[in-house]
Amino acid sequence: MALFPIISNFQYDFVLQLVPVDTDNTMDEVAAAAAHHSVGRRVAPQPGKVIRVRRQGAAEFYPRTARLGTTDIKPMEALEFIFCEA
Amino acid sequence: MPMLERAEWYDIARDTNWTPKYVSPEALFPDVMTGAQGVEMAKWQCYDEPYKTSYPEYVRVQREKDAGAYSVKAALERSNIFASADPGWHSILKAHYGSLAVGEYAAMSGEARMVRFGQAPGMRNMATFGMLDENRHAQLQLYYPHDLVSKDRQFDWAQKAYHTNEWAAIAVRHTLDDLFMARSATETAIMLTFAFETGFTNMQFLGLAADAAETGDYTFASLVSSIQTDESRHAQIGGPALEVLIANGRKAEAQKLVDIAIARTWRLFAILTGPSMDYYTPIEHRKQSFKEFMQEWIVGQFERSLIELGLDLPWYWDKMIAEFEYQHHAYHLGLWYWRKTIWWNPAAGVTPECRAWLEEKYPGWNDTFGKCWDVITDNLLAGREDLTHPETLPVLCNMSQIPICAIPGNGWNVKDYPLEYEGRTYHFNSEVDRWVFEQDPIRYRDHMSLVDRFLAGEIQPPTLAGVLAYMGLSAAEMGDDAHKNAWVDAFRPDPLAKNAAE
Ligand SMILES: [Fe+2]
Ligand SMILES: [Fe+2]
């Protein structure tokens with residue numbers, strides 16, 4: 001495990017934010033960490049939806065259970081967090 | 001003894017060119033300091049400054065201006081105008097003084113470079129007066145807020161801001177260092193006087209003076225108009241320099257300098273003037289929206305002066321005009337949300353009445369920025385102010401040093417514009433910020449944004465509290481909502497509901 005900073009570009013929010021996560025985190029955990037700084041602060045919650053993670057500009061999301069350390073994501077890369085149907 | 005008219009002796013007296021005997025002309029005027037771009041000195045002889053004055057005339061006029069400004073200040077010292085003004089107005093004053101007062105010394109330094117290394121005698125002459133002007137601007141704008149420190153500690157930031165690592169102060173310093181302090185004489189003439197002053201500050205000061213009069217702050221109105229009369233004179237240094245460059249086949253180089261300077265200046269305008277006009281100014285005092293102001297003065301007036309000089313519009317002109325719709329709304333939301341990190345108290349400016357005004361001026365505001373403010377408003381109504389403060393840092397643009405932000409809600413278009421350079425990844429707010437970096441990466445590459453410093457372990461402890469301490473804001477100086485969130489009461493359905501909730 002190692003501390004790993006990412007840039008959160010959260011759907012419907014207005015600003016990029018620094019979010020410290022861990023290489024052991026799954027994508028769902030990374031999404032939860034990013035959501036903490038946007039949802040309920042400037043972005044309205046969307047009950048029943050899940051938040052999926054993708055690289056900025058990518059069409060595909062990372063698998064929800066993929067661990068950050070096993071992906072090709074680099075530190076301080078801008079990731080998009082998108083509300084999706086569960 | 002009859003005196004000659006100025007016009008009869010001016011040209012010969014100000015023509016201080018001579019032929020150096022002891023050093024080479026290149027040693028006396030190295031190209032790196034003159035920025036002449038190989039245009040030989042003789043070609044600069046036709047530089048014709050549009051405004052001519054002599055030293056005795058200058059001193060007489062300046063003395064009268066100072067006497068005028070100081071007498072207004074003294075006469076109104078005991079008036080109640082300051083105390084009775086809306087807190088939003090105080091915020092405009094604090095943001096203005098902190099971001100610009102010490103910056104006037106940077107402008108003075110830029111003028112001094114033109115005094116020494118300007119290629120045209122007329123430029124050196126005008127810049128001498130410009131240098132004295134900027135010294136006056138710094139001193140006036142440090143002196144006036146000093147009287148207000150006893151009423152409100154945040155006014156101390158007129159003196160303090162530039163000497164700290166507060167993020168907005170870094171943003172201003174980074175821009176002014178680039179445009180005023182670290183440029184040759186010719187570049188300074190173009191970037192400081194033509195782009196920054198003619199393009200933006202001259203008009204900004206006119207607008208501010210009118211707003212101050214409207215608010216009843218005649219002390220500030222007279223101060224700002226007094227400064228503006230100097231600006232409108234020395235801002236004319238750049239135009240003739242551009243003419244010389246263009247006439248001698250250096251249009252592309254000149255254009256690039258103009259484009260860089262406008263791009264950088266626009267960012268400061270968007271974050272300082274944008275929120276002041278559309279949010280901090282009480283709605284009954286607003287005459288124009290920021291967008292209308294930009295369209296009238298910058299697009300209408302400045303565009304014409306670019307074309308008249310034979311320059312093109314900057315390649316990003318349409319992108320910049322598109323930003324008039326949203327960028328300052330995003331900056332405002334950032335300033336308010338991270339309000340503990342600034343030295344003024346931002347007025348939220350989002351009561352139902354204000355929102356109706358915003359929607360009228362910026363159709364779609366409710367569906368975009370309004371979505372974020374809805375959540376903030378609901379949190380305040382529910383007594384959850386804690387959720388209206390951040391627990392992390394925004395990512396800062398490696399050019400503007402301002403948070404990377406854009407449109408939220410249903411117009412969501414926020415994006416990082418990254419660039420890999422020599423193994424480091426830089427982040428930018430737009431294609432334009434990234435383009436500026438690419439024009440001269442060596443100039444910009446070593447600067448560390450506040451976020452870069454945080455990640456490099458330079459800020460200890462590495463927490464939000466550590467960052468606040470690093471920025472030098474004491475608890476009494478940190479920003480808060482200008483109206484202590486009282487605006488949210490306008491959303492309570494019935495006046496009794498507030499009491500019931502308590
Ligand atoms: Fe000035
Ligand atoms: Fe100036």
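Source: prediction; values computed, not measured. Below, each value reflects all heavy atoms present in this structure, side chains not excepted, and no hydrogens, waters or symmetry copies.
Between B:Trp338 and A:Phe14 the shortest heavy-atom distance is CZ3-CZ, 4.1 Å. Closest of all the heavy-atom pairs between A:Gly40 and B:Asn379 is O-ND2, 2.8 Å. Nearest approach of B:Val395 to A:Gln17, heavy atoms of both residues: CG2-C, 3.7 Å.
B:Glu420 CD: more than 12 foreign heavy atoms inside a 6.0 Å radius. Within a 6.0 Å radius of NZ in B:Lys361, more than 12 heavy atoms belonging to other residues, nucleotides or ligands are found. Heavy-atom contacts from other residues, nucleotides or ligands closer than 6.0 Å to NZ of A:Lys49 number more than 12.
Checked by atom type and distance alone, the side chain of A:Asn9 pairs as donor or acceptor with a backbone atom of B:Val414 at under 3.5 Å. Side-chain atoms of A:Gln56 come within 3.5 Å of backbone N or O of B:Asp416 as a donor-acceptor pair. Listed for the B:Thr392 side chain is a donor-acceptor partner under 3.5 Å among the backbone atoms of A:Leu18.
Judged by the 6.0 Å distance and 45° axis criteria, A:Arg41 is not positioned over the aromatic ring of B:Tyr337.
Counting heavy atoms from C-beta outward, B:Pro394 and A:Leu16 have side chains that stay 4.5 Å or more apart. Counting only heavy atoms from C-beta outward, the side chains of B:Ile376 and A:Arg42 approach each other to under 4.5 Å. Using a 4.5 Å heavy-atom threshold, the side chains of B:His427 and A:Ile7 count as touching.
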Given A:Lys74 and B:Thr425, is the side-chain contact (heavy atoms from CB on, under 4.5 Å) satisfied, shown in steps? CA-CA 10 Å; A:Lys74 297 193 290 290; B:Thr425 306; 5.8 Å; no
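Comparing B:Asp374, B:Leu387, B:Asn413, B:Asn429 by how many heavy-atom pairs each has under 4.5 Å with chain A, the most go to B:Leu387.
For B:Asp386, the part lying near chain A is the backbone, with the side chain staying farther off; criterion is any non-hydrogen pair under 4.5 Å. At a 4.5 Å heavy-atom cutoff, the contact between B:Phe454 and chain A is made by side-chain atoms alone. When heavy atoms are compared at a cutoff of 4.5 Å, B:Ile407 approaches chain A solely by way of its backbone atoms N, CA, C and O. Using a 4.5 Å cut-off between heavy atoms, A:Gln11 contacts chain B through both its backbone and its side chain. Proximity to chain A (any heavy atom under 4.5 Å) is restricted, for B:Leu455, to the side chain, taken from C-beta onward.
In this structure, B:Lys371 NZ and A:Asp13 CG are separated by 14.0 Å, a value rounded to the nearest 0.5 Å.
Between A:His36 and B:Glu391, the side chains place a donor N or O and an acceptor N or O closer than 3.5 Å (distance only, hydrogens not considered).
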